[in-house]
Amino acid sequence: VTEVEGLLRELAPQVLAALVRRYGGFDTCEDAVQEALLAASQQWPADGVPDHPKGWLITTASRRRIEQWRSETARQRREETVALAEPPDPEPVAAVDDTLTLLLLCCHPSLTRPSQVALTLRAVGGLTTAEIARAFLVPEATIGQRISRAKQKLRGTRFSLPEAERPERLAAVLQVLYLIFTEGHTASSGGALNRVELTTEAIRLVRQLRAELPDDGEVAGLLALMLLTEARRPARVSADGALVPLADQDRSRWNAAFIAEGVSLITGALATAPVGPYQLQAAIAAVHDEAATAGDTDWAEILTLYDLLRVVAPGPMVTLNRVVAFAQVHGPSAGLAELAGAASDPALAAHHRVDAVRAHLLERSGDAAGAREAYLAAARRTLSLPEQAYLQSRAARLG
Amino acid sequence: MPSSWGVGACRRGRRRRRADFDILREAFVKYVVLIYGNPGSRKAWEGMSDEQRAAGLAYYQQLNDDLDASGERIVSERLAFPELTKRVSIADGTPMTTDGPFAEVKEFLAGFYLLDCESFERAVEIAGLIPEASFGVVEVRPVMGLHGPEL
């Protein structure tokens, strides 16, 4: 990311919020801001960054917005459908909380999750449609359609938000930011040169959100979870592109600064805020990250945290990951019995991860043939190419 | 002509079922919808009146427009009939081609959609809007990705 790109992405939500406050109409303002960002990305590297970059962007975007409005008005007059176009209707919104307000709007419940993700990255993240498309490995037209359709749907939606809806809408925002992070958390290393790092973008957006909601435990928990996960990234993939399981990672390559910040965040949040799923997941990640070797991992602590997570946010993957921790504490045979119980959940019955966990436990209990079969069964059902390669190589080793 | 052909079916397809969010779910997945033809579907197509054929094509156009508007269609194509199939094999390092049609083939790939949608359920819902589904020969398959889970 160049300096200008970084600055533009940081200013994008502020400029958009300023425009929406002044003129109303999220969709047309968003178009105008995109044009201003594009102009800046072309002019600033050559002419230098203006003294007041935010003011420059607001002025440029306002000009575009007014031009759009004029041509729209002229078109409507020609068509004689509307005698007088609606005058700009600024909606009074407090000047603070810009990022939060925009995030809540982009994650509006009328939009599908993929649309919320695309719109958030563009309107709040300041990314171009082309950058988003490359990051998700889909054609630019697909993302472009998704964004323009989402903006159409939001036309007429109030910029501000009723207080009662806020907790639910904030939960959607956290999910969208987490999805952006997990999408970026890929094992692909080659061909990534032109791709925006979605993990970096997600962390940046959660930092902005946290600046506006410093006391929210789940926002802090989400940021901690991302940092504690991202910290392990340098060790997750080997030089030849293969996934390295947590137990085999070179821990000296983990990012110590991210770990320190993540641990401090989650410690603070757990001490002061009501507990939530992101905090619990961050706490689990912290236990892993704080172990000097895989053998030092405090699995009893992790199992306790999964027991809590199962109450706070039950789900098939939580059930399954808890079994992994359970087997580490109580041994592979007890783990296999626990797994049989978990696999009776219809949501897990046909999931490849059940076979993968079973394979590991069978291998640990000395049943090489059973383990090999379970690894291959898992390999046939996964949707991840790196995971498939990993499972096949585990099976081959037992060959 | 299958009774589901019509804009009404398309509109119904827009309804979204939001899967419960699992905080440990995996990354976005693309889906391919494979549309197979067979002697039955071919006979139905060949036996249509001009109006029925036009209505069928208009239905597909509407479906594609809807899926473009929602940003879910990456690409879709209709394939030529199997008469134009060429099979390629390599014998002694030399590519050889054999021309179709191949008598043993009862079902043939007639077209496909590549979708980028919210869930497997949604991909199945879209597949159900494809007229050939009335003949029982539409398949949905997830596309493999590079996302790597924590191991």
Side-chain angles (χ1 to χ4, degrees), chain A residues 109 112-115 117-118 136-139 141-150 152 171-172 174-175 178-179 182-188 191 229 232 236-237 243-248 277-278 281 285 288 309 313 315-318 320-321 347 353 356 382-388 390, chain B residues 10-34 61-77 112-126 139-151:
Chain A
T112 63
R113 204 58 90 196
S115 299
V117 165
F136 285 90
L137 305 173
V138 293
T142 304
I143 297 291
Q145 279 287 358
R146 203 170 282 173
I147 289 172
S148 65
R149 165 88 166 226
Q152 267 173 33
L174 297 186
Q175 287 176 7
Y178 186 60
L179 272 180
T182 54
E183 180 66 22
H185 197 60
T186 66
S188 62
T229 308
R232 300 196 287 259
R236 278 186 81 235
V237 181
L243 279 181
V244 182
L246 194 50
D248 299 340
Y278 292 109
Q281 281 201 88
H288 282 299
L309 191 54
M317 288 304 126
V318 171
L320 202 52
N321 287 349
R353 205 56 64 68
T382 176
L383 294 180
S384 155
L385 284 163
E387 187 186 26
Q388 187 172 63
Y390 165 79
Chain B
C10 265
R11 297 258 183 275
R12 279 200 300 279
R14 283 198 190 144
R15 246 183 316 119
R16 289 296 147 74
R17 254 177 267 132
R18 176 154 299 158
D20 286 337
F21 183 74
D22 186 331
I23 51 174
L24 295 170
R25 65 164 266 175
E26 285 171 19
F28 290 93
V29 174
K30 297 184 190 107
Y31 299 87
V32 171
V33 177
L34 296 166
Q61 189 60 54
Q62 181 65 50
L63 178 62
N64 290 349
D65 288 349
D66 284 357
L67 293 175
D68 283 346
S70 63
E72 291 173 300
R73 184 177 79 129
I74 295 177
V75 65
S76 67
E77 299 291 354
F112 66 88
Y113 279 77
L114 177 61
L115 301 172
D116 185 25
C117 57
E118 200 168 15
S119 62
F120 212 140
E121 289 72 23
R122 172 61 184 154
V124 167
E125 188 176 32
I126 293 170
E139 288 179 357
V140 183
R141 301 261 296 274
V143 174
M144 292 196 71
L146 288 172
H147 55 278
E150 293 284 341
L151 298 172

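Keep in mind the model is a prediction, meaning the values are calculated, not measured. Every chain is numbered from 1, with letters handed out A, B, ... down the list of sequences.
- When every heavy atom of B:Ala69 is checked against every heavy atom of A:Arg149, the shortest pair comes out as CB-NH1, 3.0 Å.
- Residue contact with chain B, scored on non-hydrogen atoms closer than 4.5 Å, is absent for A:Gln152.
- In plain terms, the two heavy atoms of A:Pro386 and B:Gly145 that are nearest each other are CD-O, 3.7 Å.
- Note: A:Thr142 leads A:Val117, A:Thr142, A:Val244 in heavy-atom pairs under 4.5 Å with chain B.
- The shortest heavy-atom contact between B:Glu118 and A:Pro114 is CG-CD, 3.8 Å.
- The line from NZ of B:Lys30 to CG of A:Leu137 is 5.0 Å long, rounded to the nearest 0.5 Å.
- Going from atom CG of B:Leu67 over to atom CD of A:Gln145 covers 11.0 Å, rounded to the nearest 0.5 Å.
- Residues A:Arg146 and B:Asp116 have side chains in contact (heavy-atom distance under 4.5 Å, counting atoms from C-beta outward).
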